[in-house]
There are 2 protein chains.
Amino acid sequence: MNNNTRFTVAIHILTLLAYCGPEPLTSEFIAGSVNTNPVVIRRILANLRQAGLVSSQGGPGGGWQLLKAAEAITLRHVFLAMEETSIFPLHSSDPNPLCPVGRTIQQALMRRFQSAQAALEQDLDRTTIAQLVQNVSDEC
Amino acid sequence: MNNNTRFTVAIHILTLLAYCGPEPLTSEFIAGSVNTNPVVIRRILANLRQAGLVSSQGGPGGGWQLLKAAEAITLRHVFLAMEETSIFPLHSSDPNPLCPVGRTIQQALMRRFQSAQAALEQDLDRTTIAQLVQNVSDEC
DNA sequence: GCATATCGCAACCATCATAGTTACGGATAC
DNA sequence: GTATCCGTAACTATGATGGTTGCGATATGC
């Protein structure tokens, strides 16, 4: 279905910042944990900064820090920060407007999909980054 | 985020079968409403048949029919029939096992994502194909 | 039996999204 | 001034997706 790992990596990054912080972490260090390229990390962090979750600092000793307490960041916040369009995309080419079903189905589906996405977000809202950090500590 | 329209098209197809039925519809007719190629339709119908939602019949006068009442088919059934792996995929390459976060995050995320998907499915379960057919009739 | 309509499915192609990579400019700390 | 780090554009490789063609199998009606 969905085919991009940005949400997963974003949660990983925030958990790492909370676990290793509050000192700033460099994108290179984070990339070492996620096992990818620093630029990929910075691209995702740019979204998280836009959402007010993290801040960056250039120069030696610089890096990235959380702007909010780990207890105050839920997976829903991270999800919204990624600015994905919709979980379920509609038809790639518009359906036939001469067919009663084709003419009306998209409006109906948009309503249903929004409802489903709201339910999804509500569940995501129940988990905080702090809980994930706690889980890491428990497992070690 | 998710980037495939199979779920949307599957719902469209079932709504059309319920709306125009109970006579069998050909994949070519359905393709005319969805505005795509008949083979694309048959690929999706193959999934729906595997899930026991529709049946097919070859030869002249053949086509596709619902196997269950429209009232008994929910969007959750359709969603499951598409056999999408997971809404949120994990890392493309495994995170660093030498990092405490990298070593434990995937297990934790799998649990959270399963919970979120369950919430999503629960909401999808509230809508039936019959309701979508009713919606089409209302709009005309 | 034969012609026709329809599905079943494999194979191929074009397009696009994603993630990875390189490169380089700008800012900051020491 | 130098080393470190972010910011971002540009390019590439890979894979997913949807569309298309082709052909065999099956069923219907004559």
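These values consider heavy atoms only, across backbone and side chains, with no hydrogens, waters or symmetry-generated copies. Quick note on labels: first sequence line is chain A, next is B, and so on, each numbered from 1.
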What's the [atom1]-[atom2] distance between [X] and [N], to the nearest Å?
{"X": "A:F29", "N": "D:dC5", "atom1": "CZ", "atom2": "P", "result": "12 Å"}
{"X": "A:H91", "N": "D:dG19", "atom1": "NE2", "atom2": "P", "result": "11 Å"}
{"X": "A:I30", "N": "D:dC6", "atom1": "CD1", "atom2": "C1'", "result": "12 Å"}
{"X": "B:L45", "N": "C:dG8", "atom1": "CG", "atom2": "P", "result": "9 Å"}
{"X": "B:E28", "N": "C:dC7", "atom1": "CD", "atom2": "P", "result": "8 Å"}
{"X": "A:N4", "N": "C:dC16", "atom1": "CG", "atom2": "C1'", "result": "14 Å"}
{"X": "A:M82", "N": "C:dA17", "atom1": "CE", "atom2": "P", "result": "18 Å"}
{"X": "A:H12", "N": "C:dA19", "atom1": "NE2", "atom2": "C1'", "result": "16 Å"}

Do you know which two heavy atoms are closest between [X] and [Y], and how far apart they sit?
{"X": "B:P38", "Y": "B:A31", "result": "N-CB, 3.7 Å"}
{"X": "A:A116", "Y": "B:L124", "result": "CB-CD2, 3.8 Å"}
{"X": "A:Q117", "Y": "B:L120", "result": "N-CD1, 4.4 Å"}

Output yes when a side-chain donor or acceptor of B:S86 lies under 3.5 Å from a complementary backbone atom of B:P89, and no otherwise. no

Do the side chain of A:T26 and the main chain of A:F29 share a donor and acceptor less than 3.5 angstrom apart? yes

List in numerical order all residues of residues 97-110 of chain A for which some heavy atom is under 4.0 Å away from an atom belonging to DNA chain C. none

Can you measure from CG (A:L45) to CG (A:L17) and round to the nearest 0.5 angstrom? 6.5 Å

Spacing of A:S33 atom OG and A:Y19 atom OH [to the nearest 0.5 Å]: 10.5 Å

DNA chain C: 5'-proximal contact among A:R6 and B:L25 (nearest heavy atom): B:L25

Among side-chain atoms of A:N47 and A:R6, is any donor-acceptor pair under 3.5 angstrom? yes

Side chains of A:T74 and A:D125, donor plus acceptor under 3.5 Å: yes

Would you call the rings of A:F7 and B:F113 parallel, tilted or perpendicular if under 30° counts as parallel and over 60° as perpendicular? parallel

Between the protein and nucleotides 13-15 of chain C, list the N/O to N/O atom pairs that are separated by less than 3.5 angstrom.
none

So, does B:S27 get its side chain near the phosphate of C:dC7, meaning an N or O under 4.0 Å from OP1 or OP2? yes

A:T5 side chain N/O closer than 4.0 Å to the phosphate oxygens (OP1, OP2) of C:dA19? yes

Protein-nucleotides 20-23 of chain C N/O pairs under 3.5 Å:
| residue | atom | partner | partner atom | Å |
| --- | --- | --- | --- | --- |
| C:dG20 | OP1 | B:S92 | OG | 3.3 |
| C:dG20 | OP2 | A:T36 | OG1 | 2.5 |
| C:dG20 | N7 | A:R43 | NH2 | 2.7 |
| C:dG20 | O6 | A:R43 | NH2 | 3.4 |
| C:dT21 | O4 | A:R43 | NH1 | 3.4 |

With a 4.0 Å heavy-atom cut-off, tell me which residues in residues 48-62 of chain B come close to DNA chain D, sorted by residue number. B:Q57, B:G58, B:G59, B:P60

Among all residues two or more places apart in sequence or in another chain, which pass the salt bridge (Lys or Arg N to Asp or Glu O under 4.0 Å) test with B:R126? B:D123

I would like to know whether B:S55 and B:R49 meet side chain to side chain donor-acceptor pair (under 3.5 Å); could you show each step before the answer? CA-CA 6 Å; B:S55 65; B:R49 178 179 46 200; over 6 Å; no

Distance-only check: which donor-acceptor pairs under 3.5 Å involve side-chain atoms of residues 105-112 of chain A, not counting sequence neighbours?
| residue | atom | partner | partner atom | Å |
| --- | --- | --- | --- | --- |
| A:Q106 | NE2 | A:H91 | ND1 | 3.1 |
| A:R111 | NH2 | B:N135 | OD1 | 3.1 |
| A:R112 | NH1 | B:T127 | OG1 | 3.2 |

For atom CD of B:E139, is the number of surrounding heavy atoms from other residues, nucleotides or ligands below 6.0 Å larger than 12? yes

